[in-house]
Amino acid sequence: MSGNLHDDLLAGNRTALARAITLIESRSASDEAQAQGLLEGILPFTGRARRIGITGIPGVGKSTFIENFGGRLTALGHRLAVLTIDPSSTRSGGSILGDKTRMEKLACDPKAFIRPSPAGDHLGGVERHTRETMLLCEAAGFDTIIVESVGVGQGEVALRSMVDFYLLLQLPGAGDELQGIKKGIIELADMVLINKAEGENRARAELARAEQETALHYSAPATPGWKTEVALCSAQTGEGLDHARERMEAFFKLDKVIAERRSRQALDWFAEALQDELCKRFFQEPQAQARLAAVEAALLKGQITVAAAVRQALPSVNTNHL
């Protein structure tokens with residue numbers, strides 16, 4: 001199947017893209033091997049898309065922004081893939097928000113592809129296979145990829161590490177404690193947009209912009225050589241969306257910056273994958289399983305410290321298999 005799937009994917013077949021994403025999200029060992037073979041085959045056709053991350057707390061208007069902003073991109077001839085990371089159902093593990101119903105117009109756009117995925121327990125509101133999904137979308141011919149995170153306010157560096165341009169949406173008239181966004185998250189952004197800046201919210205939005213500009217003035221830029229702008233927008237009316245697009249256009253002309261960021265992304269991905277693989281192999285090692293039970297029992301009885309427990313557990317790993 002992988003040969004046909006490979007060819008259909010490169011031909012831009014949307015059904016093949018959906019099947020390929022399902023394949024890499026599978027936890028089956030046989031599917032995993034097939035998925036890695038597919039990814040190796042399409043690798044030469046990846047890396048050309050613009051990767052944009054969008055975050056903000058639930059209710060900030062991310063979906064409305066993406067639908068209207070994305071519609072502007074496709075109207076200009078771009079092919080857009082939107083990867084929306086939903087909170088997961090604790091029972092089924094599936095996504096529960098139904099992004100295609102939240103972006104009805106964009107879902108019907110022939111130049112757009114929307115794929116919701118469950119966030120699971122992965123930090124940063126980013127599904128663990130998001131990077132691989134981005135590669136598949138690039139191979140299928142999508143030149144712009146937007147990744148929407150849950151916006152949980154914790155571990156958002158995970159999203160920063162896999163996109164080129166990082167956009168933070170905020171609400172007018174809400175402090176950091178209400179937004180659930182710490183100062184450190186703002187410092188990661190390449191642009192901050194105060195959304196819903198219309199009607200009675202306008203004055204509060206102007207105040208929020210001034211506050212964020214002051215905060216950023218004392219922070220190092222998220223991207224060297226690039227000034228993080230704080231601007232107003234209304235995803236509902238469309239105000240400010242063209243300006244946001246123009247800022248992104250200017251950003252993506254920084255070829256050296258993008259190249260360096262992609263190199264950093266590759267190394268971050270490798271480090272994360274290596275850590276995951278080492279952890280998986282440790283817990284699959286039979287001797288480790290036996291040793292772990294004894295160490296945990298001693299720890300619960302207060303006989304050893306956590307540091308000592310770690311030292312006693314690790315020697316049980318057969319390093320020849322690592």
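The two residues G41 and P44 have their closest heavy-atom pair at O-CD, 3.6 Å. For A189 against T228, the heavy-atom pair with the smallest separation is O-OG1, 2.8 Å. Considering every non-hydrogen atom in both T144 and I52, the closest pair reads CG2-CD1, 4.0 Å. Of all the heavy atoms in L159 and S149, the pair that sits closest is CD2-CB, 3.8 Å. Heavy-atom minimum distance, M134 versus I145: O-CD1, 3.4 Å. Across all their heavy atoms, G59 and K196 have their closest contact at O-NZ, 2.7 Å.
For Q284, the CD atom is densely surrounded, since the number of other residues' heavy atoms within 6.0 Å is greater than 12. Other residues, nucleotides and ligands contribute more than 12 heavy atoms inside 6.0 Å of the CD atom of E206. More than 12 heavy-atom neighbours from other residues, nucleotides or ligands sit within 6.0 angstrom of CD on E249.
Neither side chain, T237 nor E198, offers a donor N or O lying under 3.5 Å from an acceptor on the other. No side-chain donor from either of S161 and D268 sits under 3.5 Å from a side-chain acceptor of the other.
Counting heavy atoms from C-beta on, the side chains of L80 and D109 never come closer than 4.5 Å. Taking 4.5 Å as the limit, some side-chain heavy atom of L17 sits within range of a side-chain heavy atom of C137. Within the 4.5 Å cutoff, the side chain of H6 has no heavy atoms near those of the E40 side chain. At least one side-chain heavy atom of F251 sits less than 4.5 Å from a side-chain heavy atom of T223. For the pair E272 and M162, the minimum side-chain heavy-atom distance is 4.5 Å or more. Side-chain contact between R245 and L76: present, with at least one pair of heavy atoms (C-beta onward) separated by less than 4.5 Å. Between L136 and L38, some side-chain heavy-atom pair lies under the 4.5 Å cut-off. Using a 4.5 Å cut-off on side-chain heavy atoms (C-beta onward), D190 and R160 make contact.
Of the candidates R51, R262, R261, R264, D164 forms a salt bridge (charged side-chain N to carboxylate O under 4.0 Å, His left out) with just one, namely R262. Partner of R19 under the side chain to side chain contact (heavy atoms under 4.5 Å, CB included) criterion, chosen from L23, T15, T22: T15. For the side chain to side chain contact (heavy atoms under 4.5 Å, CB included) test with L171, the passing option among N201, I194, I57 is I57; the others fail.
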Report the C-alpha separation of R209 and Q170 in whole Å, then their side-chain angles, then the decisive distance to 0.1 Å, and conclude whether the side chain to side chain contact (heavy atoms under 4.5 Å, CB included) test is met. CA-CA 10 Å; R209 175 170 63 178; Q170 290 199 306; over 6 Å; no
F45 and L9: CA distance, side-chain angles, deciding distance, side chain to side chain contact (heavy atoms under 4.5 Å, CB included) verdict: CA-CA 11 Å; F45 305 94; L9 181 66; over 6 Å; no
Legend entry - Check against side chain to side chain contact (heavy atoms under 4.5 Å, CB included), F69 and I54: CA-CA 12 Å; F69 182 75; I54 297 180; 5.5 Å; no
> Can you check salt bridge (charged side-chain N to carboxylate O under 4.0 Å, His left out) on E277 and R281, steps first, answer last?
Replying inline: CA-CA 6 Å; E277 183 65 19; R281 294 193 185 191; 2.7 Å; yes
**OP:** Decide side chain to side chain contact (heavy atoms under 4.5 Å, CB included) for I24 and R131; before the verdict, give the C-alpha distance in whole Å, the side-chain angles of both, and the deciding distance to 0.1 Å.
**Re:** CA-CA 11 Å; I24 67 166; R131 290 185 177 92; over 6 Å; no
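Note: F165 and F252 have tilted aromatic rings, judged against thresholds of 30 and 60 degrees for the angle between ring planes. Taking the six-membered ring where tryptophan is involved, the planes of F142 and F113 are tilted, since the angle between them lies from 30° to 60°.
Taking CE of M103 as the reference point, atom CD1 of I114 lies at 5.5 Å (rounded to 0.5 Å). The line from CZ of R79 to CD of E138 is 12.5 Å long, rounded to the nearest 0.5 Å. For the atom pair CD of E132 and OG1 of T130, the computed distance is 9.5 Å after rounding to the nearest 0.5 Å.
Under a hydrophobic-cluster definition in which Ile, Leu, Val, Met, Phe, Trp and Tyr are linked whenever side-chain heavy atoms come within less than 4.5 Å, directly or via other members, W269 and I42 are assigned to the same cluster. By the rule that hydrophobic residues join a cluster once side-chain heavy atoms approach within less than 4.5 Å of another member, L232 and L207 end up as members of separate clusters. L43 and I21 fall within the same hydrophobic cluster, defined by Ile, Leu, Val, Met, Phe, Trp and Tyr side-chain heavy atoms under 4.5 Å apart, directly or through other members.
A salt bridge does not link R204 with E211: every distance from a Lys NZ or Arg NE/NH1/NH2 to an Asp or Glu carboxylate oxygen is 4.0 Å or more.
The salt bridge (Lys or Arg N to Asp or Glu O under 4.0 Å) analysis of residues 220-233, with sequence neighbours excluded, yields the pairs E229-R247.
Residues satisfying the salt bridge (Lys or Arg N to Asp or Glu O under 4.0 Å) criterion with E239, sequence neighbours excluded, are R202.
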